[in-house]
Number of protein chains: 2
Amino acid sequence: MNIPVNLPLTRKLSTFVALSKAELALLDHLHQRNRFFSAGRDMVHQGQSGQAAYVLMSGWVCSYKLQPDGTRQIVDFQIPGDFLGLRSVLLRTSDHSFEPIVDIEAAEVLTEDLLEAFAQTPRLATAILWAASRDEAMVVEHLVGIGRRDAVVRIAHFLLELGSRLALVGLGDTKGYDCPLTQYHLADALGLSAVHVNRVLRQLREAGLVTFREGHVRFHDLDRLVKLADFDPAYLDHAGPLLK
Amino acid sequence: MNIPVNLPLTRKLSTFVALSKAELALLDHLHQRNRFFSAGRDMVHQGQSGQAAYVLMSGWVCSYKLQPDGTRQIVDFQIPGDFLGLRSVLLRTSDHSFEPIVDIEAAEVLTEDLLEAFAQTPRLATAILWAASRDEAMVVEHLVGIGRRDAVVRIAHFLLELGSRLALVGLGDTKGYDCPLTQYHLADALGLSAVHVNRVLRQLREAGLVTFREGHVRFHDLDRLVKLADFDPAYLDHAGPLLK
DNA sequence: CCTGCCGACTGCTTCATGTCAGTCATGCAT
DNA sequence: ATGCATGACTGACATGAAGCAGTCGGCAGG
């Protein structure tokens, strides 16, 4: 067996269950056709149906909902190793849109292949269901954040969560990570105005906690940041890769 | 075949797929033991695991998360016919707590029975998965509401959504519905303070739109309320029982 | 009968965020 | 060069919502 094609996904699932060589191979065969999408051009529009599912190989995507008044709410970001549109395929409900934030590469996953893999190896099925349920838990956590945390804590928490997710797939560590999001993305995700996001980022920077600049997030004082944000990575994984 | 035991659930699923007599019978056999829980006493605590799933027969429940600072965020309310803890059983993750709002009756659903039913009738499985995905869509919609709607619209939207859900199981109509929630429940669900909920409810009442009082919600001008809230029931069901 | 609690309700003050209206630097197309 | 995006950043001002500090009525318990 060679190195798996989709390192991020394999790595993510492996932290949850140890997968055998056969299972890893199966995971590999799951994604055949690789497709490319350009930044800023919607992959799936709200209300559209009959879409394929993907595993994100490289790049970032956001899933969002548009409001009648023109504002948008970003529900979640997808990073390499994340599934994209899994629910909409299994349950044919696609109630939000997906937009690549940078140019991306995504491996198409055929529904039948997925179901077959499920039937063949329960362990792999478990792992994938775990990933799906983690995504849901993240949405819930996101809801809590918007409802009950003020802007500073919300942003701090968000940056830590992202870091934790990225660390899990080898794209970040306790020092920081690359992050192509604009302050508008943060605003739309966190229910704030871009202006206020800017102010809060400055506060965090001046407090010597974290810097978000030029596509890079750098942690200056992780411990204090974690304490400020009340960050508990338990809902993301049982290890907590960002915090040892 | 007699009248199904759990009328609300049957009614809800039937609006999505027409179920055969055999499927209805199977649905009936799914819930055997009925259990009772008292208002205010947690059924499931945060972090607990190995719990059973239930179908709510009567009464209301809320699922919520507690913050380290003591505030809580209600993620969702369950009304008769809703599943309770389905995810935590299937995926063993129970990351929030459940609290009965009034005394409730809930039918225990055994995991094996559920899986067997799934295997036997794909149509029933589809219906149940639809219900689960609808719950998820509601959480997302909830997220959008808290992130991008102001208090008036948020509350109006919430009351309409609840009405729509209740109408689906025969517990409400275009006139209104019974609702045991306190203003504190609304506040915790909508990310507001109870005081502000009170003020906004007054506004809505004085504008002649809707009254929330003494455990009863009464719509005075449904059309204007729907317009104010930008309410689109499409994500709840394909018919939209509240709006004809 | 009092006492205490809870939920609904209100006025006043404070503060967190949003809105408006810009500047500045960068990159890209012409 | 010029023009025109876009993203980061800022100050002044407006406002929605929170916090505080109550009142009031209903209801359960001693």
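Below, chains carry the letters A, B, ... as their sequence lines are ordered, and counting in each starts from 1.
Nucleotide D/dT10 holds its P atom 9 Å from the CD atom of A/Gln183, rounded to whole Å. In this structure, the NE2 atom of A/His216 is 16 Å from the P atom of D/dA8, given to the nearest Å. To the nearest angstrom, C1' of D/dA18 lies 15 Å from CG of B/Leu190. In this entry the distance linking CD1 of B/Ile101 with P of C/dG7 reads 12 Å, nearest Å. Put simply, CD on B/Glu214 is 10 Å from P on D/dC27, counting in whole angstrom units. Distance, A/Arg149 CZ to C/dA16 C1': 17 Å, rounded to whole Å. To the nearest angstrom, C1' of C/dT17 lies 12 Å from CD1 of A/Ile155. Rounded to whole angstrom, the span from the CG atom of B/Leu192 across to the P atom of D/dA18 amounts to 5 Å.
Closest to the B/Tyr184 side chain, of the nucleotides C/dG7, C/dC20, D/dC20, is C/dG7. For A/Ser193, taking side-chain heavy atoms from C-beta onward, the closest of the listed nucleotides C/dT19, C/dT17, C/dA8 is C/dT19. Nearest to the side chain of A/Arg202, among D/dT10, C/dG7, D/dC20, sits D/dT10.
Side-chain nitrogen and oxygen atoms of B/Arg213 include none within less than 4.0 Å of the OP1 or OP2 phosphate oxygen of C/dG7. For B/Asn198, no side-chain nitrogen or oxygen approaches OP1 or OP2 of C/dG7 to under 4.0 Å.
As judged by a 4.0 angstrom heavy-atom cut-off over every strand, B/Ala194 is placed among residues making no nucleic acid contact. Using a 4.0 Å heavy-atom cutoff across all strands shown, A/Thr182 reaches sugar-phosphate atoms only and no base atom. B/Gly191 comes within 4.0 angstrom of sugar-phosphate atoms only, judged by non-hydrogen atoms across all strands, and of no base. In this structure, B/Arg205 reaches the sugar-phosphate backbone alone: every heavy-atom distance under 4.0 Å involves primed, P, OP1 or OP2 atoms, never a base.
Aromatic ring centres of A/Phe158 and A/Phe77: separated by under 6.0 Å.
With B/Glu141 as the partner, the salt bridge (charged side-chain N to carboxylate O under 4.0 Å, His left out) test is satisfied by one option alone out of B/Arg149, B/Arg165, B/Arg134: B/Arg149.
With A/Arg148 contributing its side chain and B/Arg72 its backbone, the two residues share a donor-acceptor pair below 3.5 Å.
If you check distances only, the side chain of A/Arg199 does reach the base of C/dG18 with a donor-acceptor pair under 3.5 Å.
Position along DNA chain D of the nearest nucleotide to A/Leu201 versus B/Val152 favours A/Leu201 as the more 5'-ward residue.
The local environment of CD in B/Glu214 is sparse, with at most 12 non-hydrogen atoms from other residues, nucleotides or ligands closer than 6.0 Å.
Residue A/Ile101 holds its CD1 atom at 8.5 Å from CD of A/Gln78, rounded to the nearest 0.5 Å.
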